[in-house]
Protein chains: 2
Amino acid sequence: MSADLITSPANPRYRHARSLLHRKGRTQHAQLLLEGVRLIQDSMSAGFAPALFFYTESAPAHAAALRAQVRDQGGQALCLAPELMATLTDTVSSQQVVAVVSQPQLSPGHSGLHCLVDGLRDPGNLGTLLRSAAAAGVDQVHCLPGVVDVWSPKVLRAGMGAHFRIAIHQARNLADVERLLAGRNWYRAEAEAALDYSAVDWLQPSVLIIGGEASGPLTTAHLPHVHPISIPMTHQVESLNAAVAASVILFEAVRQRRNSAAQG
Amino acid sequence: MSADLITSPANPRYRHARSLLHRKGRTQHAQLLLEGVRLIQDSMSAGFAPALFFYTESAPAHAAALRAQVRDQGGQALCLAPELMATLTDTVSSQQVVAVVSQPQLSPGHSGLHCLVDGLRDPGNLGTLLRSAAAAGVDQVHCLPGVVDVWSPKVLRAGMGAHFRIAIHQARNLADVERLLAGRNWYRAEAEAALDYSAVDWLQPSVLIIGGEASGPLTTAHLPHVHPISIPMTHQVESLNAAVAASVILFEAVRQRRNSAAQG
């Protein structure tokens, strides 16, 4: 048994990690909790070294390499009793490794395309959207109040490392975002909109609002400067999954920009 | 209390419904179990009337209208004890209504675009893919052995009614699908492929393979006639969610066909 095995739930470092399971703790410490080898590797390869790294004695072999890497980068690696580890992880097939890292603060890009998330409650959808937005080279993703916490474990898992690759802005209110993104063309996908998303000129500085899973009103519902756009659909299908719809539109923007660059 | 309240787990109609929670029972009876008002309404509006409809006394008010509709269409509506209902539903916020319907057998469309699902294990991904495929007007979705059961409750939920709008083929093996889809151009998204998905001529009869969530080899891995295609991505993102990648490609095909129709 390791000399530094933590077995007491009163251990301050364990308690600190526990506090990051909740939005309040994450906000207070500007830190987040990463679960699993893949996410922890992603954060390190993006330059975000864990401050704390917890593992159990039954953690898989490659956890040892990860532990050495964390220590090399100045982090603390601590062996945790399995019953304490169980309270820090929420996946069924936990890999028995968890890390504490600072919330990434990345600078926005300059491609001209921003995403504004409004009313999204499903963590899987938000994570998938971040992954697509990072892949599409979106400058920044802005989350309005009411959106599921972008730093929650489930969003991190679905994001597959996107959180370390794209600038994320937790907006305090809509007015802040309006000031920040003034002078751009704003769009939101709506089922009955007349304007086809592929007819939009995505070379212009743009904001794509991703909103709603048919659950309650949107903060941006009555903004006068938002252009409704639609994705033409067949078979009486009313809507796409929110992350899917956003991805289809974002990659159309990417396609137009790529075509324009090839011609220009 | 209703006269026909079912309280015994030995009730044959309740037991029949229970058997549909498993793939074996669904295959044997060629039926499936629908949970929630929305899915049951979707099946009826697509012309698939439930044979059985179960509700509890605490089901929401709109369940009564649904019950009347089921009876009008020749189905049996039965009041179930809450503890039995709990064994038929797996969502946290159950609406206390469940229906048994025949597996839809829809005819393939004639747009020229087919999807072949290979190695997809996540029910949410398969349901989301079906929803996108139906919306994109795909002719038929073929599922290879090894794919999560397309008629399982979680896939039905994520499909949001797509199961009643698009032809679905549970293929016995790859050879059957190869015969069925011979003479078409076959494509599969791969991270490093040189061919850009938007440079493909999607007006030709095509098959898009949707495969893998980075878990194990694909049945279609060594097919010589498959063209690898890629979605260009930034920020060192390695891949998109499988359903998202498929949707981006399918709606590019739709866009090309729409443009061609507008010009032709």
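Below, chains carry the letters A, B, ... as their sequence lines are ordered, and counting in each starts from 1. When reading the values below, keep in mind they use all heavy atoms of this one structure, side chains included, and skip hydrogens, waters and symmetry mates.
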task = Pick one of side chain, backbone, both or neither for Ser239(B), based on which atoms fall under 4.5 Å of a heavy atom in chain A.
result = both

key: Proximal component of Arg131(A), with respect to chain B [non-hydrogen, under 4.5 Å]   = both

message = Given heavy-atom pairs under 4.5 angstrom as the criterion, report whether the side chain, backbone, both or neither of Ile249(A) touches chain B.
response = neither

key: Side chain, backbone, both or neither of Asp196(A) within contact of chain B (heavy atoms, under 4.5 Å)   = side chain

query = Hey, are the side chains of Met160(B) and Glu238(A) touching, using non-hydrogen atoms and a 4.5 Å cut-off?
reply = no

Proximity breakdown for Asn259(B) and chain A, heavy-atom pairs closer than 4.5 Å = neither

task = Indicate the atoms forming the closest heavy-atom contact of Thr234(B) with Ala136(A), along with that distance.
result = OG1-C, 3.8 Å

inquiry  = At a heavy-atom distance under 4.5 Å, which candidate from Gly161(B), Ala245(B), Ser132(B) has the highest pair count against chain A?
reply    = Ser132(B)

note = In short, Phe251(B) meets Tyr197(A) closest at the heavy-atom pair O-OH, 3.6 Å

task = Sort Ala134(A) into side chain, backbone, both or neither according to what part of it lies under 4.5 angstrom from a heavy atom of chain B.
result = both

remark   = Heavy-atom nearest pair, Leu240(A) first then Ala135(B), reads CD2-CB, 3.6 Å

inquiry  = Among Gly137(B), Ser247(B), Ala158(B), Pro232(B), which residue has the highest count of heavy-atom pairs closer than 4.5 Å to chain A?
reply    = Pro232(B)

message = Taking side chain as everything from C-beta outward and backbone as N, CA, C, O, which of these in Thr128(B) sits under 4.5 Å from a heavy atom of chain A? Side chain, backbone, both or neither.
response = side chain

key: Pairwise side-chain contact, Arg258(B) with Ser198(A), heavy-atom cut-off 4.5 Å (strictly under)   = yes

